[in-house]
Structures are given as structure tokens and as C-alpha cells.
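Naming: A, B, ... by sequence-line order, numbering from 1 per chain.
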Protein chains: 2
Amino acid sequence: MVEAAQVTGIGDRGHEVGPPELRRAIELLFFAYRDFTGEADQLLERYGFGRAHHRVIYFVGRHPGVSVSGLLDILKITKQGLSPVLSQLVRDGFVIARPDRADRRRRRLFLTEEAQALERVLTARQSARLAAAFAEAGPDAASGFTQVLEAIIAPEVRHRVALAFPDPMEGSPRP
Amino acid sequence: MVEAAQVTGIGDRGHEVGPPELRRAIELLFFAYRDFTGEADQLLERYGFGRAHHRVIYFVGRHPGVSVSGLLDILKITKQGLSPVLSQLVRDGFVIARPDRADRRRRRLFLTEEAQALERVLTARQSARLAAAFAEAGPDAASGFTQVLEAIIAPEVRHRVALAFPDPMEGSPRP
DNA sequence: ATTATATGTCAAGGATGCTGACGTAATTGC
DNA sequence: GCAATTACGTCAGCATCCTTGACATATAAT
């Protein structure tokens, strides 16, 4: 096939393997995600933060009082991987960790006001980009977009995603 | 606000910052992309490859005869970043680089048969996951999904995405 | 009292990038 | 023909983010 590609050469589309619309969707997801996540980096740099810090700030902001292990469950990384990032955020005054009253082994994490302000700006930027895309594609497309994303997510992970309307149980201590 | 979060404590949703559906979409994109890309990793490990190798295999497969700089343009990384990955793929017999006939400074990249087979399996896995999500969400949602992804992508990058139908100009030498 | 849990830390390493500098071969422009 | 440019490679150094493994400490549960 390599020889064939060289012989037929120019204009060869490579081996066709599946429905073009699926192949196209795979690529769209790659490019879209890359462009989308690149949005916030410039602002984070000013604070000496990277993507990992962004994720922590975001999810602690969404789940105030989450425990360290709860955060690890969401992020699906190891505590050794989280450690330097979380330490820096605490050291720099962006995250506050206080022991849970009922179980003092657990540290509940909260954003400081400065971190909340940063998170608002970061989320606002990404929201603006999404809103522009939704406006361009139309409300039905926007609805389909979230439906498909939800279907892509592994069933056991879906419950972690924020609900469209506030979750009354959010932040409650584990049994 | 941190104190407020601790006082109101349990059940607090954190600071509400924007439309819930946009916040929800941001999270969906995060979880969906993570689950989606994790799909192929297990298979790649058997070859001693990572995501970077996957990207090279994928795009060389989609653009047979692409030059090194062409690949760098697609991936948006530096040649120093690509170098170890591409070298390993050539060394392991997954990518063949031959000088362009008209301009022998340029190396045109092709996949070997083994690499094509691997790429087919990898893409088939991801296609299957996408197809399942499309089936679950319905054809209209699938259409909206790709429309929104395309709208998210920066305009100057959109032309890089595969077309739904083969591009007759693909692989042609630069003027 | 023993065991289990939540967390932290030290060590070592891998994957994937970056910038900067330099070199070589080939092509292009004058 | 010669200089500048282009395509590519490589070496050095560094950063980010993540891993596994081992061990320590405090608290809670039994």
C-alpha cells in the first residue's frame, strides 16, 4: 500500500477505512478540543499556572468543599500527580483546605475570592467561545452537540457532569 | 465567599457565573474528550507508542506523502517536539520517509502496511464509539455535533479537517 | 488494640512538549 | 555563479504533567 500510494501518488486519499462522516468527526473533535483548551492558557500563564491548575480551580469552584480524594476521582489522576499542583495553589492563596468537622482526616477544599475571580474569567472566556459556536450552528445543533457528548462519556462517569439545573445534593458529605 | 461557602456549606453550588448549559457543555467536552482519547491508548501501549505517535500515524495515514513541515503545521508542534516521535516510528518500521522527486530537501512521509493496519484498528475503535453515541443521540444530534465542533475550530484551521467526501487535491505538491 | 482510611511525601522516571543554537543539503533569486 | 532561503536534523537544556512504588502520619472504625 505504501508503494501503491507512491505510484498512484499524488491525489491518493490513503486507505479508506470507515464512513467519512465518522472520520471527519474524529478530526473535528481533535481540532476543536485543541483550539478550545488553548483559549485559557494565556491568562493562566500570568499566574504561573498550567492546565492542571485550571482543572483544579474549575472543579473546586464547581464543588466547594470537595475532598482531596473526591477531586482525584473527578480528575482521574494520582495523588502524587495532584500534589505539586494543589500545593502550589494553596501556597499561592488560591485554594483553602480545612479539615472536615466530622472526619478530620479529610480536607475540604475551597477557592479563595481571588481564585473565584480567576475561575469566572476563565470560564467566561470558554463560555463565550462556546456561545459563539452555538449561535453560529443554531440551537438545535447546540442541543445535539451536548447530547452526543453525553453519549460519548462512559456511563459510570456521566453522573459527574454538572446538571443543567443546580443539584440539591451537591457538596453533601459522604455517608 | 469562601467563608460563605463554609457557612452555607453543604449544598452550596459555588458561585454561579454563567448560563448553566454553557458550563455543562464545558464539562461535557472535558469528560467526553478524555474518555474518547483514552480508547486507543491500551492498544498503542503494546507497540510502545503514546498519543503523539497516534497523531502522527493518523495524519500521515490521512495525508500520504505529507512533508515534515506539513505535518508540523497540522499538529502545531515544533520540529524538535516531533523529532523523537517521528524517528521512533521510522526506526520501528511504521513510517517511511522518502525525498520528494522535484525538491529533494523535502521528505514525504508514508505509512507502512503494518502502520496502516494499526491505524485502521485505532480509527475503527474510535469510530465505533462515535457511531454508538450518534445512534444513541439520533441523526439530528449527530449533525448538530459536527456543526458545533466546526464552529468551535478557529477559522484558519478549519480547512485542515477532512472533508465528508474525498478531496481531489489532497497530496498534491505545493506550487 | 488492630485495622482501615485519608492524606502527604520522597524518589525515580516517562511522555510530551518548549526555546535556542547550530549544521547540512538543496533550491531559489539575483 | 553566488548568496540567501528553505527543509530538515540534532544537541542541549528545561518545563509540565503524569506515573509507580514505598513509606509516614493522623484519624476513624471495628
Side-chain angles (χ1 to χ4, degrees), chain A residues 30 33-34 37-38 40-42 44-45 47-60 65-92 95-109 173-175, chain B residues 30 34 37-38 40-42 44-60 65-92 95-109 173-175:
Chain A
F30 169 74
Y33 191 79
R34 189 180 62 182
T37 56
D41 293 4
Q42 175 190 358
L44 288 160
E45 260 179 46
Y47 294 84
F49 296 155
R51 296 241 178 108
H53 302 84
H54 185 183
R55 290 194 284 269
V56 170
I57 289 173
Y58 182 86
F59 283 109
V60 173
V66 69
S67 67
V68 172
S69 57
L71 191 55
L72 293 176
D73 278 352
I74 293 171
L75 298 176
K76 280 193 185 162
I77 61 174
T78 62
K79 61 180 176 175
Q80 298 93 327
L82 176 61
S83 176
V85 173
L86 186 55
S87 299
Q88 186 185 351
L89 287 170
V90 171
R91 200 167 49 240
D92 292 0
V95 168
I96 290 178
R98 353 188 117 198
D100 183 274
R101 287 179 196 172
D103 183 347
R104 285 180 316 196
R105 293 172 304 177
R106 307 179 70 193
R107 300 171 65 202
R108 303 187 79 108
L109 307 174
R174 291 204 285 175
Chain B
F30 170 73
R34 190 180 63 180
T37 56
D41 293 4
Q42 176 190 358
L44 288 159
E45 261 179 44
R46 294 189 214 161
Y47 295 84
F49 295 156
R51 295 237 179 112
H53 302 85
H54 186 183
R55 290 194 283 269
V56 170
I57 288 174
Y58 181 86
F59 283 110
V60 172
V66 69
S67 67
V68 172
S69 58
L71 190 54
L72 293 176
D73 278 352
I74 293 171
L75 298 176
K76 280 193 184 161
I77 61 175
T78 63
K79 61 179 177 175
Q80 297 94 327
L82 176 62
S83 176
V85 172
L86 186 55
S87 299
Q88 186 185 351
L89 287 169
V90 170
R91 201 167 50 239
D92 293 358
V95 167
I96 290 179
R98 352 189 116 200
D100 183 274
R101 287 179 195 172
D103 183 347
R104 283 180 317 194
R105 293 172 305 177
R106 307 179 69 192
R107 301 171 64 204
R108 302 187 80 109
L109 306 174
R174 290 204 286 177

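Distances from the side chain of Ser67(A) to the nucleotides dT27(D), dA26(C), dT7(C) place dT7(C) closest.
Rounded to whole angstrom, the span from the CG atom of Leu75(B) across to the C1' atom of dA15(C) amounts to 16 Å. Asp103(B) has its CG atom 6 Å from the P atom of dT28(C), to the nearest Å. As a whole-Å value, the separation of Arg98(A) CZ from dA6(C) C1' is 19 Å. In this entry the distance linking NZ of Lys76(B) with P of dC18(C) reads 12 Å, nearest Å. Regarding Leu72(B), its CG atom lies at a distance of 11 Å from the P atom of dG17(C), rounded to whole Å. The nearest whole Å value for the distance from the CZ atom in Arg104(A) to the P atom in dA4(C) is 22 Å. At whole-Å resolution of the value, CD1 in Ile77(A) and P in dT7(C) are 14 Å apart. Distance Asp41(A) CG to dG17(C) C1': 13 Å, rounded to the nearest Å.
Remark on DNA chain D: of its neighbouring residues Gly48(A) and Ala102(A), the 5'-side contact belongs to Gly48(A), judged by nearest-heavy-atom nucleotide. For the pair Lys79(B) and Pro84(A), both in contact range of DNA chain D, the more 5′-proximal nearest nucleotide belongs to Lys79(B).
Counting heavy atoms from C-beta on, the side chains of Leu109(A) and Ile96(A) never come closer than 4.5 Å. Looking only at side-chain heavy atoms (C-beta outward), Arg55(B) and Phe30(A) come within less than 4.5 Å of each other.
Interface remark: the Arg105(A) side chain does not form any donor-acceptor pair with the dT7(C) base, using a distance-only criterion of under 3.5 Å. Not a single donor-acceptor pair, N or O on each side, falls under 3.5 Å between the base of dG17(C) and the side chain of Gln80(B).
Atom-to-atom distance recorded for Lys79(B):NZ and Leu71(B):CG is 14.5 Å, nearest 0.5 angstrom.
Each of Arg105(A), Arg106(A), Arg101(A) was checked for a salt bridge (Lys or Arg N to Asp or Glu O under 4.0 Å) with Asp103(A), and the lone residue meeting it is Arg105(A).
Using a 4.0 Å cut-off, some side-chain N or O of Thr78(B) falls inside it from OP1 or OP2 of dC18(C). Between Arg55(B) and dG17(C), a side-chain N or O to OP1/OP2 separation shorter than 4.0 Å is present. Between His53(A) and dC17(D) there is a side-chain polar atom (N or O) within less than 4.0 angstrom of OP1 or OP2. In this model, the phosphate group of dA6(C) is not approached by any side-chain N or O of Ser69(A) to a distance below 4.0 Å at OP1 or OP2.
With hydrogens and angles disregarded, a donor-acceptor distance shorter than 3.5 Å links the side chain of Arg34(A) to the backbone of Leu75(B).
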